[in-house]
Student: 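Dropping the structure in here first, questions after.
Reckoned from all heavy atoms, side chains included, excluding hydrogens, waters and symmetry mates.
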Amino acid sequence: MRKELLHLPLLLQLFGTVALSMFAPAVHGLVVRDLDSARAFFYAGLLGLVIFLMMAAVLNGRRNQQTALGPLLSLFGAFVLLPFYCAVPFLEALPTTRPLNAYFEMVSAMTTTGATMFQDPERLSGTLHMWRAQVGWMGGLLMWVAASAILAPLHLGGFEVTAQAEPGRRDAAGSARSAPLDPHLRVWRATRALAPIYAGLTLLLWLLLLGGGETPLTALCHAMSVLATSGISNVGGVQIGSVGITGEAVMLLFMLFALSRLTFSKDTVTATQGGLRTDPEFRIGIFLVTAVPVFIFMRHFLGAYDVAAMENLTDAGYALWGAVFTVMSFLTTTGFVSEHWAAAQNWSGLGTPGLVLMGLALTGGGVATTAGGVKLLRVFALYLNGRRELERLVHPHSVSGQGVAGRRLQSNGAFIAWIFFMLFALSLAAIMLALTLAGSTFEQALVLSVASLSTTGPLTQFAADAPIRLIELSDAAKMILCGAMVLGRLETLAIIALLTPDLWRS
């Protein structure tokens, strides 16, 4: 039976998984006596399973063509088509909203962006909040698995910087050495290896947050959101929760999993022999989490000096912690802010550094993690190239090695990273232009474009002078943002690879 399911199209397998997962919010709705929501999820899940079984029966015995295109196209379809199905029970349980809003909400969750149309948490029931966090959690697991089973063999998603082949082209020899040729078997093995780790870490964080005094539903939503870097909350954010600094410190530790793949796996070419100690992504991430809060704190410190508030060292400590947690959160594209982030502003009298938050989100986390953005490995490749060029200005005839970490990068890795950066910048400009044509102001278009391409939805609430109400955007702007979120999650090179003729012929 498992072999028969294994050879079904990957998108159909994902559809069946989503259908089965709908019974979890159905049970939650039944327990809390939210019968309308429970009924909507139960019937939607039952209908999905019936459709899955019918399609499985029709396709039984048919062998899928073993091409590199299939899994990548299925991954694209998962972010575009599955949200339609995910939105069905959401719309049934909340009939006061529009289908486009429900679809936007599910695309935002599936791509781990976390932007929401419903800024008032009271608008949604606890069951719907749980479903949003659960869809985001499944989207994060999908990216964990896809990184090693789909993107790595095609040298996409950041692997093009380290792989010895062109982006979008499968290296037959390398693939034969590192993974099974059957893409479905490769996906199955990656899921079997990573899903228990992902679920176990989520369960552990949930228990720790429960021990910190958080309510069960809020602890569950925040635990799933931290592991998936979706930033989805049922109460409006961590700053409104009840875990305090202790809970934030625990969440910060679990955010480290979004800085480098080496924190939980060594199944890709991003691994180094020295582990995290020599991993450039992890080291750059720690440097940013240390340096940027110091910069923000000194900015606050000078502001507090002007208003003679330096004597309150307790507020100064809260300000520093608020900066550390928030910087880590936005660097990993989670988007949670500390409960002391506002206290830091009150202590210094300075406004929110929105450009700093957007810069962190654009930088992003590690390759093959749930984080979005440009990714730290590409930043490292550009840094090495820039440092080498400066050395050549001083010593034109010098010969220099790249060290242990630098040997992970291919010779033209910086060139490929720069191509991706330029494609990212062009995508950002195109989406900004489209949003302005759809009626958004320049500031709104900038924040919305960065938030969608970096999959950091909470930027819409904290990067601008005033929170952006997504529900007030035009229908055209909402559809543009849906496309931008999918583009930001899959990245431009993967979309281009789908259009490559060689990939269709492979």
Side-chain angles (χ1 to χ4, degrees), residues 11 14-52 77-142 217-218 220-222 224-225 228 230-236 452 455 457-458 460 469-473 475 478-479 481-483 485-486 489:
L11 185 58
L14 294 174
F15 177 82
T17 303
V18 172
L20 191 62
S21 68
M22 288 185 178
F23 291 105
V27 172
H28 177 272
L30 185 64
V31 171
V32 300
R33 307 304 297 172
D34 184 7
L35 300 183
D36 290 338
S37 297
R39 190 179 301 110
F41 281 99
F42 176 78
Y43 288 147
L46 187 61
L47 177 63
L49 284 180
V50 171
I51 295 175
F52 170 76
F79 292 119
V80 175
L81 301 178
L82 285 184
F84 282 107
Y85 176 52
C86 294
V88 171
F90 189 95
L91 190 62
E92 285 294 320
L94 189 69
T96 57
T97 193
R98 301 171 55 205
L100 179 57
N101 294 341
Y103 177 74
F104 179 96
E105 202 74 17
M106 293 299 100
V107 171
S108 177
M110 183 68 72
T111 58
T112 70
T113 303
T116 179
M117 292 281 180
F118 310 99
Q119 295 181 359
D120 182 12
E122 300 297 328
R123 175 81 185 277
L124 304 180
S125 65
T127 303
L128 291 181
H129 281 300
M130 176 182 172
W131 178 238
R132 290 176 58 236
Q134 184 178 332
V135 171
W137 185 83
M138 292 187 295
L141 176 59
L142 178 60
L217 179 60
T218 302
L220 180 61
C221 290
H222 288 176
M224 290 191 291
S225 298
S230 64
I232 296 174
S233 174
N234 66 313
V235 294
S452 56
T455 65
T460 60
R469 293 185 58 84
L470 299 178
I471 202 168
E472 296 177 356
L473 298 176
D475 291 349
K478 294 174 184 177
M479 293 304 299
L481 288 178
C482 287
M485 287 186 288
V486 175
R489 183 72 277 181

Student: Any pair with a residue in residues 87-109 that passes salt bridge (charged side-chain N to carboxylate O under 4.0 Å, His left out), sequence neighbours left out, goes on the list, sorted by first then second residue, please.
Tutor: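 Qualifying pairs: Arg98-Asp475, Glu105-Arg132.
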Student: For the ring pair Phe23 and Phe41, is the centre-to-centre distance below 6.0 Å?
Tutor: no
Student: How about Tyr43: does its OH atom have over 12 heavy atoms from other parts shown lying under 6.0 Å from it?
Tutor: no
Student: Apply side chain to side chain donor-acceptor pair (under 3.5 Å) to Ser108 and list each qualifying residue two or more places apart in sequence or on a separate chain.
Tutor: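 So Ser108 forms no side chain to side chain donor-acceptor pair (under 3.5 Å) with any residue.
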Student: So, for Lys478 and Leu473, which heavy atoms are closest and what is the spacing to 0.1 Å?
Tutor: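 It is CE-O, 3.3 Å.
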Student: Can you tell me how far the CG atom of Leu128 sits from the CD atom of Gln134, to the nearest 0.5 Å?
Tutor: 12.0 Å
Student: Scan Ile232, Val32, Leu217 and name whichever one has a side chain to side chain contact (heavy atoms under 4.5 Å, CB included) with Met130.
Tutor: Leu217
Student: Who passes side-chain contact (heavy atoms from CB on, under 4.5 Å) against Ser452, sequence neighbours left out?
Tutor: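 By the side-chain contact (heavy atoms from CB on, under 4.5 Å) rule, Ser452 matches Leu481, Ala484, Met485.
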Student: Measure the spacing between CG of Leu141 and OG1 of Thr112 and express it to the nearest 0.5 Å.
Tutor: 12.0 Å
Student: Could you tell me whether the side chain of Val235 reaches within less than 4.5 Å of the side chain of Pro121, counting heavy atoms only?
Tutor: no
Student: Please round to the nearest 0.5 Å and tell me the distance separating atom OG of Ser125 and atom NE2 of His28.
Tutor: 8.5 Å
Student: What is the distance from atom CE of Met117 to atom CG of Leu470, rounded to the nearest 0.5 Å?
Tutor: 5.5 Å
Student: Taking it one step at a time, do Cys482 and Tyr103 satisfy side-chain contact (heavy atoms from CB on, under 4.5 Å)?
Tutor: CA-CA 9 Å; Cys482 287; Tyr103 177 74; 4.0 Å; yes
Student: Among residues at least two apart in sequence or on other chains, which ones pass salt bridge (Lys or Arg N to Asp or Glu O under 4.0 Å) with Glu472?
Tutor: Arg469
Student: For the residue pair Gly136 and Ala228, what are the closest heavy atoms and their distance?
Tutor: O-CB, 3.3 Å
Student: To the nearest 0.5 Å, how far apart are CG in Asn101 and CD1 in Ile471?
Tutor: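 Spacing of CG (Asn101) from CD1 (Ile471) equals 5.0 Å.
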Student: Over all heavy atoms of both residues, which pair between Gly231 and Pro458 is shortest? Give the atoms and the distance, please.
Tutor: O-CG, 4.2 Å
Student: State which residues pass salt bridge (Lys or Arg N to Asp or Glu O under 4.0 Å) with Arg123; sequence neighbours excluded, sorted by chain then number.
Tutor: none
Student: Specify the closest pair of heavy atoms between Ala40 and Ala93, including all atoms of both residues, with the distance to one decimal.
Tutor: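 Taking every non-hydrogen atom into account, CB-N, 4.1 Å.
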Student: Does the side chain of Phe15 reach to within under 4.5 Å of the side chain of Ile51, using non-hydrogen atoms?
Tutor: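 Answer yes - side chains close enough.
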Student: Verify, without hydrogens or angle tests, whether Thr97 (side chain) and Leu94 (backbone) share a donor-acceptor contact under 3.5 angstrom.
Tutor: no
Student: Tell me, do Met106 and Phe90 make a side-chain contact under 4.5 Å, heavy atoms counted?
Tutor: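 Result yes, sub-4.5 Å side-chain heavy-atom pair found.
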Student: Write down the atom of Asp34, the atom of Ser37, and the distance for their closest heavy-atom approach.
Tutor: OD2-OG, 2.7 Å
Student: So, Ser21 side chain and Val18 main chain: donor-acceptor pair closer than 3.5 Å or not?
Tutor: yes
Student: Residues in ring pair (Phe, Tyr, Trp, His ring centres under 6.0 Å) with Phe79, at least two apart?
Tutor: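 Phe79 satisfies ring pair (Phe, Tyr, Trp, His ring centres under 6.0 Å) with no residue once adjacent residues are dropped.
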Student: Which heavy atom in Leu11 sits nearest to a heavy atom in Ala78, and how many Å separate them?
Tutor: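 That closest heavy-atom pairing would be CD1-N, 3.7 Å.
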Student: Would you say the side chains of Thr111 and Thr113 form a donor-acceptor pair under 3.5 Å?
Tutor: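 Yes.
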Student: I'd like to know if the side chain of Trp131 and the backbone of Met22 have a donor-acceptor N/O pair within less than 3.5 Å.
Tutor: no
Student: Return yes if some donor-acceptor pair links the side-chain N/O of His129 with the main-chain N/O of Cys221 below 3.5 Å, else return no.
Tutor: no
